[in-house]
Each structure stands twice: as C-alpha cells, then as structure tokens.
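Right, I'll just put the structure down here and ask away after.
Chain A is the first sequence line, chain B the second, and so forth, proteins listed ahead of strands; every chain is numbered from 1. What you see below is based on every heavy atom in this structure, not just the backbone, and it leaves out hydrogens, waters and symmetry mates. Just so we're clear, the structure is a prediction, and the values are computed from it rather than from any experiment.
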Protein chains: 2
Amino acid sequence: MAAEKQTTEVRQDEIARAALELVGTVGMKGLSMAAIARKVGIVPSGIYRHFSSKDDVIDAILDYLQRGLSGNVRAIALLEVTALERLHSLLMKHIDLVRQNKSIPVVVFSTEVYNGSPHRRVKLRGIIEAYLAEIAAMVGQGQLEGSIREALDPKAVAVMFMGLVQPSTILWHLSAGEYDAMKQAETAWPIFCSAIERRTPSERKVIME
Amino acid sequence: MAAEKQTTEVRQDEIARAALELVGTVGMKGLSMAAIARKVGIVPSGIYRHFSSKDDVIDAILDYLQRGLSGNVRAIALLEVTALERLHSLLMKHIDLVRQNKSIPVVVFSTEVYNGSPHRRVKLRGIIEAYLAEIAAMVGQGQLEGSIREALDPKAVAVMFMGLVQPSTILWHLSAGEYDAMKQAETAWPIFCSAIERRTPSERKVIME
DNA sequence: CAATAATGTGAACCATCATTCACATGGAGA
DNA sequence: TCTCCATGTGAATGATGGTTCACATTATTG
C-alpha cells in the first residue's frame with residue numbers, strides 16, 4: 001500500500017512536525033527514522049528523498065522551535081501595553097508553548113543537539129540568544145518608559161526572566177504533568193516584578209508588609 | 001595485559017565516576033559501556049561483574065549527583081550567617097559545582113534518564129525535590145530571622161532560586177564555556193535579593209535610584 | 001500520448017552496542 | 001601449599017537503527 005505522493009516541501013514539513021512530536025513523547029533517544037516514517041505514513045528510506053540524513057531532520061526540528069519562540073515574541077510585540085505587562089504575557093505564553101509542546105525542553109537540553117555537531121550547538125545558541133535579545137529589548141523599552149529600574153542590565157534581566165520558566169518546566173516534565181508550572185509562574189511573577197520595577201511611593205507600601 | 005583485581009566496592013565507585021565524567025564530555029548519547037570500561041582500565045564485559053546492566057550504571061550516576069548536591073547544602077548549613085548570605089553562598093557553590101561537573105545538566109535534562117524507566121524519573125524528581133526542600137527550608141529560616149519577607153511562599157522562592165542557575169548553565173554549555181555564568185549570578189543575586197528581603201528603611205533608599 | 005523526473009518501496013547492508021558465556025587468573029583462607 | 005571464589009578477558013551473539021540501492025509508481029511536461 002503505497003502512500004500518495006507529495007511534494008518535497010509538504011513532506012519536509014510533515015517529517016519535521018512528526019519528529020518534533022515524537023521527541024515530546026519518546027524523547028530524543030527514542031527518535032528513530034522508522035518511528036518518524038511510521039508517523040508520516042511512509043517507509044523509512046523514503047525520508048531520504050527529503051532529508052539527507054537524520055542530522056538534517058534534527059536541524060529541521062530546531063527550525064520549528066525557533067519559529068515557535070519568535071512567533072510568541074512577535075505576537076506580544078503587537079500588544080499596546082506597558083513593558084511589564086508585555087513581559088508578563090510573554091511569560092504565560094512561553095509556559096503555554098512548552099506545555100503544549102513537550103518536546104521543547106527535551107530538544108534544548110539534549111546532548112544529541114549540543115554535543116552532536118558544532119554547527120548545531122551554534123544554531124541552538126543563536127536561537128536562544130535571539131530570544132534573550134528580544135526580551136532584553138522589552139526590558140530596555142520598559143526602562144525608557146520608566147516602568148523598569150534603569151540601573152539594571154537588560155541582558156541580565158532577560159536571563160533571569162528565562163529562569164522563571166526553566167525550573168518549572170523541568171519539574172512539570174519530571175512530575176509527568178502533575179506539577180503546576182502555570183501557578184508557579186503566577187506566583188513568581190509579582191516577586192520578580194517587584195525586583196525590577198521602578199518603585200513609586202504608592203507601590204512601595206504594597207511591597208512592604 | 002590484565003588489569004589488577006579490585007574489590008567490587010572500589011570498581012563500582014570507579015565505574016560510576018568514569019561514567020559521570022564521560023557524560024560531561026561525550027554526552028548521554030556517547031555514553032557506552034566500552035567507553036566506560038576503557039576509562040576504568042578494564043574490558044566492557046568486566047563491568048557486568050559490578051553492575052547488572054547499563055541502567056544500573058546510570059542509576060549510580062544519579063546517586064553521585066545527589067551526593068554532590070546534598071554535600072553542597074550540608075556545607076552551607078554549617079555557616080553561621082544569615083539566611084540570605086547562606087543562599088548567596090549556595091548559589092555560588094552550585095554554579096561552581098555545575099562548572100566543574102559538566103555532566104550535571106546533561107544528566108538532569110537527558111531523556112535517557114527520565115524517559116527511560118519510570119523509577120528513574122521518580123528518583124531524579126526526588127533528588128530535585130529534596131534539593132528544593134532544603135532551599136525552601138533556608139528561606140523559611142530567613143523568614144523566622146526576619147531577613148526575608150514573610151508573605152512569600154518558601155517553595156516558590158526555592159524554585160525561583162533554581163531559576164537563577166539554570167539558564168546560566170545552559171548558556172555556559174552552549175557557548176562552550178565562554179559565557180560567564182558566575183558573573184550573571186553575581187549580577188542577578190542582588191536583584192533577586194531585593195525581591196525577597198524584608199525591607200528596612202535604610203535599605204529602601206538603596207533600592208530606589 | 002510518450003518521456004522524464006520525482007517520489008515511494010522493500011530488501012539488504014553495515015556499524016554500533018549491550019549483553020552473555022566459557023575460560024583464565026589472582027588473592028584470601030584452610 | 002592447595003583450594004575456591006571473585007574478578008578480568010575476549011570472542012560471540014543478537015538487537016537496534018541509520019543508510020543505500022535497485023526497482024516500482026505516480027505526476028508533470030512537452
């Protein structure tokens with residue numbers, strides 16, 4: 001029973017998506033060409049019509065990941081709110097993205113990716129640095145607006161921002177979805193916020209107990 | 001050339017340590033029984049005199065990891081300083097541990113570990129939860145001392161604390177040691193600190209610009 | 001309608017690697 | 001010194017999995 005033919009663009013997309021989903025369920029170790037092919041509905045060797053190797057497929061996964069992250073940022077950028085509110089939205093969107101896409105941390109933290117080939121490590125680093133740069137830009141904007149303290153280094157704050165997400169997603173993974181990453185984010189956000197926001201006299205009273 | 005005989009306790013220790021170091025250099029994917037054996041100085045099949053399977057070796061790696069983390073905490077617990085200073089020390093020690101032991105994030109984030117067998121995932125979760133609990137205890141102590149705001153949930157603060165370390169270590173890994181995780185920690189700490197410490201009138205002035 | 005290129009298929013190949021087993025060896029106790 | 005058990009060895013095994021290749025089939029183009 002032969003699968004119906006598709007253009008190589010369609011197949012590349014299907015294969016990358018299938019690989020991405022597989023990584024989320026069976027992990028990087030369980031990611032085999034056979035499994036990908038089965039999910040797509042073709043035969044293992046058929047993948048080589050559209051990718052030259054398994055490494056190429058993994059690269060495609062990274063591209064997907066990048067699109068997801070930058071899509072988030074661009075959606076947020078359109079909001080007409082203060083920088084702090086923008087960051088808050090981004091935090092929630094990021095956690096949602098990770099929850100729906102269990103593969104993200106698996107890919108980011110897998111040795112296959114960043115111990116595999118040097119260019120892969122560089123690529124992943126580029127993705128993360130770009131994301132950090134966009135967060136840092138939001139922070140900088142907040143400083144211009146006057147909502148974020150000017151003494152802070154935007155890049156450092158951006159790295160801290162990522163720290164709001166990562167431990168939660170790890171715990172969420174380890175607990176098989178039991179741990180409530182969203183709740184942690186909601187709890188952590190005001191605390192983080194109180195550290196970076198410019199304090200007005202009225203707000204100062206709220207922070208103190 | 002036969003290796004000189006060792007007691008099984010010594011060999012188990014050597015094998016676990018060799019595996020731990022290997023994970024740091026070649027990653028979880030490159031961790032083979034052959035590579036471990038070579039590093040120890042015996043033959044692959046010899047490992048099976050001391051471990052029943054590769055999974056057993058990986059479990060031993062987790063035990064090593066746990067000892068490293070709890071060793072840190074216990075060393076800190078002896079310090080006769082305020083809770084905030086204790087946390088600061090722990091932060092620095094943790095980053096140092098990760099830097100010297102490149103294997104830690106690799107193990108924590110590898111699918112082989114937490115997608116492998118359910119008991120392994122539970123074990124790893126236990127290690128992390130225990131670490132979090134000890135941090136939370138420090139936070140709680142700080143609240144009793146009056147140096148940390150009482151309104152905060154110690155567990156949530158503990159998770160945030162881990163967030164101070166994780167992104168840094170990832171960036172450090174991806175940049176092949178170029179990124180300065182220590183510097184980020186030193187920058188982030190006072191910001192984090194300003195969010196959790198109980199504010200006295202004099203300190204309040206410092207925080208405002 | 002014919003021809004050509006692109007896509008899909010199944011078998012085979014080859015490398016890697018965990019694991020087993022029969023055998024060798026060396027040290028501790030009788 | 002002799003014996004026995006734990007440890008080390010090397011060859012063999014079996015499974016997994018990425019990759020290749022010759023061939024079939026479908027779509028497209030002239």
Taking the axis from the first five pairs and the axis from the last five, what angle separates them in the helix from C:dC1-D:dG30 to C:dA30-D:dT1, rounded to 10 degrees?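 Answer for the end axes of this duplex: 10°.
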Q) Is the centre of the A:Y131 ring less than 6.0 Å from the centre of the A:H94 ring? A)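 Yes.
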query = Is it true that a side-chain atom of A:Q143 and a backbone atom of A:R149 form a donor plus acceptor pair closer than 3.5 Å?
reply =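 Yes, because the side chain of A:Q143 sits within donor-acceptor range (under 3.5 Å) of the backbone of A:R149.
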With distance as the sole test, does B:E145 use its side chain to make a donor-acceptor pair with the main-chain N or O of B:A83 at under 3.5 Å?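 Judged by distance alone, yes, a pair lies under 3.5 Å.
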Atom of A:D59, atom of A:H119 and distance for their closest heavy-atom approach
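Residues A:D59 and A:H119, closest heavy atoms: OD2-NE2, 3.0 Å.
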* To do: List the steps and the verdict of side-chain contact (heavy atoms from CB on, under 4.5 Å) for A:E85 and A:S89.
  => CA-CA 6 Å; A:E85 282 162 347; A:S89 296; 5.5 Å; no
- Message: I'd like to know if B:R11 and B:E14 make a salt bridge, using a cut-off of under 4.0 Å between side-chain N and carboxylate O.
- Response: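 Looking at B:E14 together with B:R11, the answer is yes, because their closest N to O distance falls below 4.0 Å.
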Note to self: Pairing donors with acceptors under 3.5 angstrom, does anything connect the side chains of B:D13 and B:Y64?
What the structure shows: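 Yes, B:Y64 and B:D13 have a side-chain donor paired with an acceptor closer than 3.5 Å.
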Could you check whether any side-chain N or O of A:S147 sits under 3.5 Å from a backbone N or O of A:G142, counting only pairs where one atom can act as donor and the other as acceptor?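 It does hold such a pair.
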Check: Ignoring hydrogens and geometry, is there a side-chain-to-backbone donor-acceptor pair from B:Q12 to B:F51 under 3.5 Å?
Finding: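 Checked: no pair found.
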Taking all non-hydrogen atoms of both residues, which atom of A:V139 and which atom of A:P154 are closest, and how far apart?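 Smallest heavy-atom distance, with atoms named: CG1-CA, 3.9 Å.
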Reported CD1-to-CG distance for the pair B:I58 and B:L62, which is rounded to 0.5 angstrom: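 Result: 8.0 Å between the selected atoms.
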Check: Which residues pass the ring pair (Phe, Tyr, Trp, His ring centres under 6.0 Å) test with B:H173, sequence neighbours left out?
Finding: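 B:H173 satisfies ring pair (Phe, Tyr, Trp, His ring centres under 6.0 Å) with A:Y114 once adjacent residues are dropped.
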| Which residue lies more 5' along DNA chain C, comparing A:I42 with B:P44 via nearest heavy atoms |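 On the 5' side of the pair lies A:I42.
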Pairwise N/O distances under 3.5 Å, protein to nucleotides 25-30 of chain C:
{"unit_1": "C:dT25", "atom_1": "O2", "unit_2": "B:K5", "atom_2": "NZ", "d": "2.5"}
{"unit_1": "C:dG26", "atom_1": "N3", "unit_2": "B:K5", "atom_2": "NZ", "d": "3.2"}

Residues from residues 7-18 of chain A lying under 4.0 Å of DNA chain D - heavy atoms:
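Of all residues in residues 7-18 of chain A, none places a heavy atom under 4.0 Å from DNA chain D.
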Over 60° means perpendicular and under 30° means parallel, so classify the ring planes of A:W189 and A:F161, tilted if in between.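 It falls in the perpendicular class, over 60°.
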Can you check whether A:S103's main-chain N or O pairs, donor with acceptor, with A:N101's side chain at less than 3.5 Å?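 Looks like no, no N/O pair under 3.5 Å.
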For nucleotides 21-23 of chain D, tabulate all protein N/O to nucleotide N/O atom pairs closer than 3.5 Å, reporting atom names and distance.
none

To the nearest angstrom, how far is A:I36 atom CD1 from D:dG18 atom P?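 Computing the A:I36:CD1 to D:dG18:P distance gives 8 Å.
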Inset, instruction - Quickly work out the A:E4 CD to D:dT28 P distance and round it to whole Å. - result: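 Spelled out: CD on A:E4 to P on D:dT28 is 12 Å.
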Could you state the CZ-C1' distance from A:R38 to C:dT9, rounded to the nearest angstrom?
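It is 16 Å, rounded to the nearest whole Å.
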| Can you check whether A:H50 has a side-chain N or O nearer than 4.0 Å to OP1 or OP2 of C:dA6? |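 False: A:H50 side-chain N/O out of range (4.0 Å or more) of C:dA6 OP1/OP2.
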- Item | Sorted by number, the residues of residues 23-33 of chain A with heavy-atom contact under 4.0 Å to DNA chain D |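 Nucleic-acid contacts, sorted: A:L31, A:S32, A:M33.
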(Q) Measure CD/A:Q6 against P/D:dA27 and give the value in whole Å, please. (A)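 Rounded to whole Å, this separation is 10 Å.
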query = Is there a side-chain contact (heavy atoms from CB on, under 4.5 Å) between B:V57 and B:L31 once you walk through the steps?
reply = CA-CA 11 Å; B:V57 177; B:L31 183 69; 5.7 Å; no
**Q.** Integer-rounded Å distance: D:dG17 P and A:D55 CG
**A.**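 From A:D55 CG to D:dG17 P: 16 Å.
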Review point. Between atom CD1 in A:I47 and atom C1' in D:dT19, what is the gap in whole Å?
Key: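 Rounded to whole Å, this separation is 11 Å.
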| task | Might you point out which heavy atoms bring A:L174 and B:R121 nearest each other, and give the distance in Å? | result |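 Result for this residue pair: O-CD, 3.1 Å.
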